[in-house]
There are 2 protein chains.
Amino acid sequence: MTTFTVSHRHKSREALFTCTDKVGTGATTHLAGAAISKRSTIIDVAGLAGVSIKTVSRALNDAPHVNADTRRRVKEAAAALDYHPNIAAQSLIARRSYLLGLTYERPSPSYVVELQNGALARLENSRYRLVVLPFRDVANRPEELGSLLLRAGLDGVILAPPACDQHELLSMLDRQKLPYARITPHHEMDRGIVTAMDEVEAGRAIATHLLELGHRRIGIVMGDPSHAASAARMEGYRLAFADFDAEPIDDLVVSGDFTYDVGYSAAAELLSNSPRPTAILAQNDDMAVAAMAAVRDAGLSVPGDVSVAGFDNSEVSRTTWPQLTTVRQPVNEMAWDAVDRLIATLDANDSQREAPPLRGDHPYELIVRASTAPPL
Amino acid sequence: MTTFTVSHRHKSREALFTCTDKVGTGATTHLAGAAISKRSTIIDVAGLAGVSIKTVSRALNDAPHVNADTRRRVKEAAAALDYHPNIAAQSLIARRSYLLGLTYERPSPSYVVELQNGALARLENSRYRLVVLPFRDVANRPEELGSLLLRAGLDGVILAPPACDQHELLSMLDRQKLPYARITPHHEMDRGIVTAMDEVEAGRAIATHLLELGHRRIGIVMGDPSHAASAARMEGYRLAFADFDAEPIDDLVVSGDFTYDVGYSAAAELLSNSPRPTAILAQNDDMAVAAMAAVRDAGLSVPGDVSVAGFDNSEVSRTTWPQLTTVRQPVNEMAWDAVDRLIATLDANDSQREAPPLRGDHPYELIVRASTAPPL
DNA sequence: TTGTAAGCGTTATCAT
DNA sequence: ATGATAACGCTTACAA
């Protein structure tokens, strides 16, 4: 794993971070900035259209009881003035910011992006916007995240693991009545909107796959213990072993944290056992890919000498070679669903409509690819 | 590349998307919702502390001319009431939403996450929040993105490629005086704040590396043509070839779009040439990893039979095996810098302070790893 | 159908 | 050092 790093710069260019000051050219136009130049307000539109501001409001919001001709005149005036309603003023009166927060903690990029894309997909063509609020080490400072969320002026928040399972955080949000949707496998603790996949059964499915292939000396790389999924998946593995009248070998269960680097060390440690494991089951794809690298760096092949299986069906599981056997976690759909139900809740509050069901379950999917094979 | 997909669900659980309605239990508390329950306001705090609202405002904002004891009392009252200022009201009066937008177009997850992390790193401990606004196919509908941005109530926006180079979009933003920071290699078009890396020289560096190893039949997989970087990197390749009194072989230059799938097909096409290329130079890491898969699926090895080089130093370049030779693009730093300069511009507008320099350059870095070697 | 006036929760202006 | 009062830009009563 040696890496050579060479830093180059073309001589004819400025030094690092050199800043060429171009102020004074036409390029500066935008600097006038929104803060200085007064954007036109509803009053300007009213003046130009020759009506009252209330009529402008009605006309622009397509409210009833407005003369068709008046409405047209108002809309023309608004267009002529490049009028855009002031969102802050609207939020102030509506007691709504139309802002949803998404909180997550440094998991793999593909997880974050899927999460985000799922949430954004639901938000498309809605008034809501998405504010991203990553937060490190929630387990040790839940109240800090709480006050961050409370001060962010959100209408609601999506909590991904592991923040979703922090009692203290949830209590803060409850106390301040900030609605939230949790993406969590923790079936026991029923608080707020919950969207989940059955992690236990998913874990059981992937372990069963290895057992069916004939593996018994299976090395297991655990995920971050602060994520409920880690224990749930392990529980699933145990159920699978039990189905085969066997159980995980203690020496072959090592801790990890869902990252590639730690996954690599963990896998290397597993491979140092003798006899060595015939398969490695990692609790996510990043660590599984690291395990594949460790196997090869040990002069062995995948799946010839050692089978490797992951979890998540993240992008890397498809782009690695050989492609990885894994379990698909429908992160995208779960995020979509969480947002959907959160918005339904907010709307229900407004219009006295019925609140949506609090729980949604999503199916996992075992995906068998080329990284697993029967043991020699 | 065969894939078996098996869908499982444990029999004892509800059907897909089953929703267990738990409304009515204690879990419903949060449903009271922010919209209904009145959060405490500055007036409540003033009442409890026995002072005027103005004093509360001063005390809480750490403004001068407040008795130390009064300040303490006010802060205690605020804490006792779980008081959090209403951001909408603050925004209304400050004519600031404290919202920055980040626009990007479906590039690889690692790029998005790096971009976002860089921006968020700068935003930490600032009042600003980040709204993510991905947008597909900007090239064909710049005005739609423009109106989306304009209606989002942003104080400023970060434009990643390829939106950063859409004249029409920039003109709309200029017209409405919405400040923006562009992350773009387009040195020619000087509009607004620009943060960039020298793509031409970076391209030259990686191509030079292959040429120095002795490769001449180099297959090139281009990036998405709507990104200015694609042409810039190619220009760099040409300069490098010229340095070696050579030039790219037309038949060995194929189009791509920065995605794995298209990268795979493109690489497969390159390998069908005879004599086949001794190296493949992809314009990003995702396509380079795809090329490695294509090489292996053709029964060849990397770098034994074919060397492969990428671009970006994205996470996948480190987690693939063998690790990929690439060029580091400081996406994180560029995003940080873009936000930094954007905020400085906004603050300058407010306080009549001097506007920041409009341009910032960032260094690339050639990273030689195990995927490249001399030709046989 | 349209307009007037009263707020929404802050911060800024001027007093005191 | 502190406070009454007026903005900020909009929507919602309530009149007309």
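Residue numbering restarts at 1 for every chain, and letters A, B, ... go by the order of the sequence lines.
With sequence neighbours left out, the side-chain hydrogen bond (donor to acceptor under 3.5 Å, both in side chains) criterion links B:Thr70 to no other residue. Take B:Glu144 and apply the side-chain hydrogen bond (donor to acceptor under 3.5 Å, both in side chains) test, not counting sequence neighbours, and it matches B:Arg141. With sequence neighbours left out, B:Leu123 forms a side-chain contact (heavy atoms from CB on, under 4.5 Å) with B:Leu100, B:Ser126, B:Tyr128, B:Leu130, B:Val339, B:Ile343. Scanning for side-chain contact (heavy atoms from CB on, under 4.5 Å) contacts around A:Ser97 gives A:Leu99, A:Asp155, with sequence neighbours left out. Residues meeting the ring pair (Phe, Tyr, Trp, His ring centres under 6.0 Å) test with A:Phe135, sequence neighbours left out: none.
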Per-nt protein contacts along nucleotides 8-16 of chain D (heavy atom under 4.0 Å; B base, S backbone sugar-phosphate only, - none) come out as BBBBBB---
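Within the structure, side chain to side chain donor-acceptor pair (under 3.5 Å) contacts touching residues 73-83 of chain B (residues at least two apart or in different chains) are A:Gln176-B:Asp82, B:Asp62-B:Lys75, B:Arg72-B:Glu76. Note on residues 119-129 of chain B: pairs passing salt bridge (charged side-chain N to carboxylate O under 4.0 Å, His left out), not counting sequence neighbours, are A:Arg136-B:Glu124, B:Arg122-B:Asp340.
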Would you be so kind as to tabulate the donor-acceptor pairs closer than 3.5 Å made by side chains of residues 157-170 of chain A, with sequence neighbours excluded?
| residue | atom | partner | partner atom | Å |
| --- | --- | --- | --- | --- |
| A:Asp165 | OD1 | A:Arg182 | NH2 | 3.2 |
| A:Asp165 | OD1 | A:Thr184 | OG1 | 2.7 |
| A:Asp165 | OD2 | A:Thr184 | OG1 | 3.3 |

List, one per line, each side-chain donor-acceptor pair under 3.5 Å for residues 114-121 of chain B, sequence neighbours excluded.
| residue | atom | partner | partner atom | Å |
| --- | --- | --- | --- | --- |
| B:Gln116 | OE1 | A:Gln116 | NE2 | 2.8 |
| B:Gln116 | NE2 | A:Tyr104 | OH | 3.3 |
| B:Gln116 | NE2 | A:Gln116 | OE1 | 2.8 |
| B:Asn117 | ND2 | B:Val113 | O | 3.4 |

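Residue B:Thr70 is classed as a sugar-phosphate contact, given heavy-atom separations below 4.0 Å to backbone atoms only.
Contact footprint of chain A on DNA chain C: nucleotides with an atom under 4.0 Å from a non-hydrogen protein atom, first to last in 5' to 3' order, C:dT1 to C:dG9.
Using modelled atom types and a 3.5 Å distance limit, the side chains of B:Ser171 and B:Arg191 yield a donor-acceptor pair.
OP1 or OP2 of D:dG3 has at least one side-chain nitrogen or oxygen of B:Thr55 nearer than 4.0 Å.
Direction change of the helix axis from one end of the helix from C:dT1-D:dA16 to C:dT16-D:dA1 to the other is 40°, with five pairs defining each end axis (rounded to 10°).
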